[in-house]
Novice: 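Input: one structure, supplied below.
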Amino acid sequence: MPEVPAPNEAVDDPVETAQQVLPVLVDMPFHGALDSTLSYLGPALPPGSLVRAPLGHREVLGLVWDAPSDDLVAPGQTLRALLGTLDPLPPLPLAWRRLVRFAASYYQRSLGEMALSVLPPELRKLDPASLTRRLRRKGGLGSAPAPTDAPQTAARPEPTEDQAQALAQLAALQAREPGGTALLLGVTGSGKTEVYLRRAEEALAQGRQVLVLVPEINLTPQLEARLRDRFPGRLLVTQHSGLTPAQRLRHWLAAHLGQADLVLGTRMAVFSPLPRLGLIVVDEEHDASYKQQEGARYSARDLAVYRGRLEGVPVLLGSATPSLESWRHAQQGRYALVPMRQRVGQGALPQVRLVDMTQQPQAPRGQEPPPLAAPVLAALRERLERGEQSLLFLNRRGFAPVLHCPACQWKSDCPHCSAWRVFHKLDRTLRCHHCGFSDRVPRACPSCGNPDIQPVGRGTERLEEQIGQWLPGVRVARIDADSTRLKGTLEQQLSAVHAGEVDILVGTQMVTKGHDFRRITLVVAVNPDGALFTTDFRGPERLFATLMQAGGRAGRDAEAAARSELWIQTWNPAHALFQSLRRHDYESFAAAQLAEREMAGLPPYSHLALLRVEARTPEAAQDFLALARRDAMAWVEAQAAEVTVYPPVPPYLARVAGLERRQMLLESGSRPALQALLRDWLPGLRGLRAQTPGVARWALDVDPLGI
DNA sequence: AGCACGCCGACT
DNA sequence: GTCGGCGTGCTC
């Protein structure tokens with residue numbers, strides 16, 4: 001191996017086949033420092049080139065970076081030579097590299113981990129020769145359809161007045177500020193998708209690529225179908241974790257090579273390299289799924305906005321119930337607010353009825369109250385008589401959330417978690433929903449032998465059973481994570497609902513998203529109060545969005561819309577959230593929530609970072625955070641920075657799968673101050689682990705969704 | 001994070 | 001005498 005005089009200097013010898021020292025990123029989290037490249041010898045390659053690099057005893061995928069930084073290579077150290085270049089591929093473009101650089105520094109991950117983790121995994125296995133073969137075959141796209149002679153845009157409906165206005169507003173915005181973000185506020189059924197399609201059409205007509213992000217791809221086959229219908233002559237590819245590794249690579253290549261016109265995908269798609277990017281759409285922008293919950297915990301929605309600004313490309317965020325972060329940006333004029341207040345086709349939103357559960361007759365002593373109040377049952381019967389369908393929304397699967405022994409007060413706890421085990425009657429198990437621990441339900445109390453142990457509370461299994469008893473002969477279907485575990489059963493159950501083979505559908509959150517039920521005219525939120533009083537400050541925001549979305553399942557057929565209803569069983573009918581919901585008034589809800597957040601100094605009025613740790617003992621977890629807190633507080637004092645470092649606390653679930661969890665919150669009104677603290681603090685955290693044996697893992701979450 | 005090397009128990 | 005447990009340490 002050749003000797004080099006010093007790192008990071010090109011070897012100035014043209015005879016020596018112009019070997020240079022190249023800064024290369026590999027997938028290594030260990031280089032905690034934010035900017036860290038490894039130095040290799042190789043031919044002159046532009047930044048963004050993908051290479052094969054020797055690393056220890058293996059050969060890994062590497063990415064030539066723009067500049068070396070923080071490199072610990074010693075002067076005179078022998079550098080190894082790159083093993084090859086994936087040169088049939090164009091280098092990843094500057095805009096892509098800048099996005100990765102920002103994400104790595106903002107979410108405090110190493111550049112190498114960030115960059116390599118957002119490339120298709122299959123790319124790691126590719127050597128230059130097999131890549132060349134792959135690209136040569138079928139023009140590089142395998143089974144993807146080649147551009148056809150079909151019209152590039154199919155017939156499209158006349159925009160409604162709302163849509164026309166929104167489109168005019170968006171066109172004006174784009175002319176004024178090409179990299180600007182617009183927030184499209186439109187209730188379910190207001191025709192947001194048509195606005196996306198029109199904007200996409202325009203970008204496509206200018207020869208640009210369109211990136212469409214959705215929270216979960218399996219919930220949005222309609223959107224994919226509509227894009228394909230509307231743009232039959234264009235190449236659309238998807239990007240999500242459900243693809244096989246080969247498909248994902250093929251789709252990614254189509255995007256990167258500029259062959260794909262439309263990329264539709266989940267959060268990972270925000271990192272698709274798109275040489276002709278012209279528009280980014282983020283549908284249901286409030287959805288928590290946009291936040292990655294492991295590894296680099298990025299928010300794809302926030303990165304989409306950043307990317308738009310970076311590339312001078314418009315970003316369109318759409319929601320009926322925007323995140324309060326986006327809403328505040330719109331209020332401040334940082335995002336353009338584009339309201340769409342009418343449902344298409346004069347369809348009315350479902351009427352919201354609050355059922356005051358405190359006014360319902362009390363159940364006899366010792367008996368549990370019936371699951372549905374008398375007026376709700378009457379409303380259900382009415383639908384049955386009219387041959388319409390109803391949806392009972394209960395966000396709790398299983399038969400009962402806990403079993404209880406009235407004699408000795410035993411409860412069905414989980415031996416590994418600080419949680420109850422849920423009674424699943426169908427397979428007679430007690431299951432922990434957090435660690436998966438499961439065994440047969442005991443015949444008698446395991447503590448005192450009392451044979452009369454009782455279910456407490458109600459899940460979807462029990463509700464399904466009780467409905468059958470209350471309304472004999474009714475056809476009930478249950479859709480939740482348990483009933484749809486087998487592949488294809490969800491589709492099967494949904495088609496039974498669509499075919500009218502079901503009168504009442506019982507379901508969890510799963511059924512509230514995306515599905516276009518035409519015959520449902522009644523939605524009942526059976527027990528939504530829990531979310532009102534959670535410790536999570538975003539609980540109300542999520543509940544409001546969920547109930548609006550659930551209500552949106554009713555009356556999707558314009559003819560039935562007039563008599564569609566959303567009933568809410570609540571012990572807190574006066575709660576401001578329900579009062580806003582009754583009027584479908586997102587704006588009053590948001591105003592009230594923002595006032596509360598401002599008083600409490602919570603986002604979007606402050607910025608948060610959360611350090612979480614899991615350890616074998618509470619002491620180890622506590623010690624780790626205590627040391628971390630000491631360092632953070634020392635930094636804050638030295639810098640006289642406005643950052644609050646809160647004491648460590650147990651999270652809602654303090655023990656999961658035998659590991660003790662603790663967390664510590666950092667809060668600041670200034671994002672730069674918080675970022676500066678994180679940047680200086682994190683390298684030291686990696687060393688702390690050695691001082692606190694028993695720590696299994698720790699993670700920093702910037703802009704956490706739940707605290 | 002992988003994937004080595006390294007130093008002590010039950011097997012062909 | 002070997003196969004293999006996962007404890008520490010390195011990777012341009």
Side-chain angles (χ1 to χ4, degrees), chain A residues 1-11 16-45 47-86 100 103-104 107-127 245 292-298 612-616 620 658-659 682-683 685-701:
Chain A
M1 272 179 272
E3 285 271 318
V4 289
N8 314 335
E9 282 174 24
V11 178
E16 221 21 287
T17 64
Q19 286 275 298
Q20 304 205 330
V21 179
L22 294 168
V24 174
L25 297 178
V26 297
D27 186 7
M28 286 285 143
F30 71 94
H31 281 282
L34 291 182
D35 295 289
S36 54
T37 53
L38 302 185
S39 299
Y40 286 90
L41 294 175
L45 289 170
S49 302
L50 288 161
V51 294
R52 308 283 318 163
L55 185 68
H57 303 269
R58 346 176 245 155
E59 180 185 334
V60 297
L61 180 66
L63 176 66
V64 177
W65 204 239
D66 296 68
S69 50
D70 265 26
D71 196 338
L72 303 174
V73 71
Q77 183 181 332
T78 300
L79 298 184
R80 299 177 76 180
L82 294 176
L83 301 169
T85 311
L86 301 184
V100 163
Y107 295 104
Q108 307 294 327
R109 312 298 295 202
S110 79
L111 266 171
E113 182 192 8
M114 195 72 232
L116 278 294
S117 72
V118 301
L119 292 172
E122 192 73 359
L123 211 49
R124 296 170 189 227
K125 299 191 192 136
L126 244 47
D127 56 86
Q292 173 102 15
Q293 289 300 350
E294 58 192 19
R297 297 174 174 236
Y298 62 86
R612 306 175 206 264
V613 60
E614 292 179 38
R616 280 196 286 280
L659 291 173
L682 242 78
L685 279 186
R686 292 168 224 280
L688 280 187
R689 213 185 150 143
Q691 295 174 48
T692 53
V695 169
R697 46 183 168 262
W698 61 272
L700 180 78
D701 194 344

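Given the structure is predicted, the values throughout are model-derived calculations rather than measurements. Chain letters run A, B, ... following the sequence lines, proteins first, then strands; residues in each count from 1.
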Novice: Pick from A:Leu38, A:Val51, A:Leu61: which one makes a side-chain contact (heavy atoms from CB on, under 4.5 Å) with A:Val26?
Specialist: A:Leu38
Novice: Going by an N to O cut-off under 4.0 Å, is there a salt bridge joining A:Asp701 and A:Arg612?
Specialist: yes
Novice: If you look at every strand shown and take non-hydrogen atoms under 4.0 Å, does A:Pro23 touch a base, only sugar-phosphate, or nothing?
Specialist: nothing
Novice: Could you state the atom-to-atom distance from CG of A:Leu82 to C1' of C:dC12 in whole Å?
Specialist: 10 Å
Novice: Picking from C:dC12, B:dA1, B:dA4, which would you name as closest to the side chain of A:Leu55?
Specialist: C:dC12
Novice: Start with the C-alpha gap between A:Leu55 and A:Tyr40, add the side-chain angles, then the distance that decides, and say whether side chain to side chain contact (heavy atoms under 4.5 Å, CB included) holds.
Specialist: CA-CA 10 Å; A:Leu55 185 68; A:Tyr40 286 90; 3.7 Å; yes
Novice: Between B:dA1 atom P and A:His57 atom NE2, what is the distance in whole Å?
Specialist: 19 Å
Novice: What is the separation between atom CG on A:Leu111 and atom C1' on C:dC12, rounded to the nearest whole Å?
Specialist: 16 Å
Novice: Round to the nearest Å and state the distance from A:Asp27 atom CG to C:dC10 atom P.
Specialist: 20 Å
Novice: If you check every side-chain atom of A:Met28, which of C:dT11, B:dC3, C:dC12 has the closest atom?
Specialist: C:dT11
Novice: A:Glu113 has an atom CD; how far is it from atom P of B:dG2, in whole Å?
Specialist: 10 Å
Novice: Let me know the distance between CH2 of A:Trp698 and C1' of B:dA1, rounded to the nearest Å.
Specialist: 14 Å
Novice: Does A:Leu116 offer a backbone N or O that forms a donor-acceptor pair with the side chain of A:Arg124 under 3.5 Å?
Specialist: yes
Novice: Atom CZ of A:Arg80 to atom P of C:dT11: distance rounded to whole Å?
Specialist: 10 Å
Novice: Between atom CG in A:Leu79 and atom C1' in C:dT11, what is the gap in whole Å?
Specialist: 14 Å
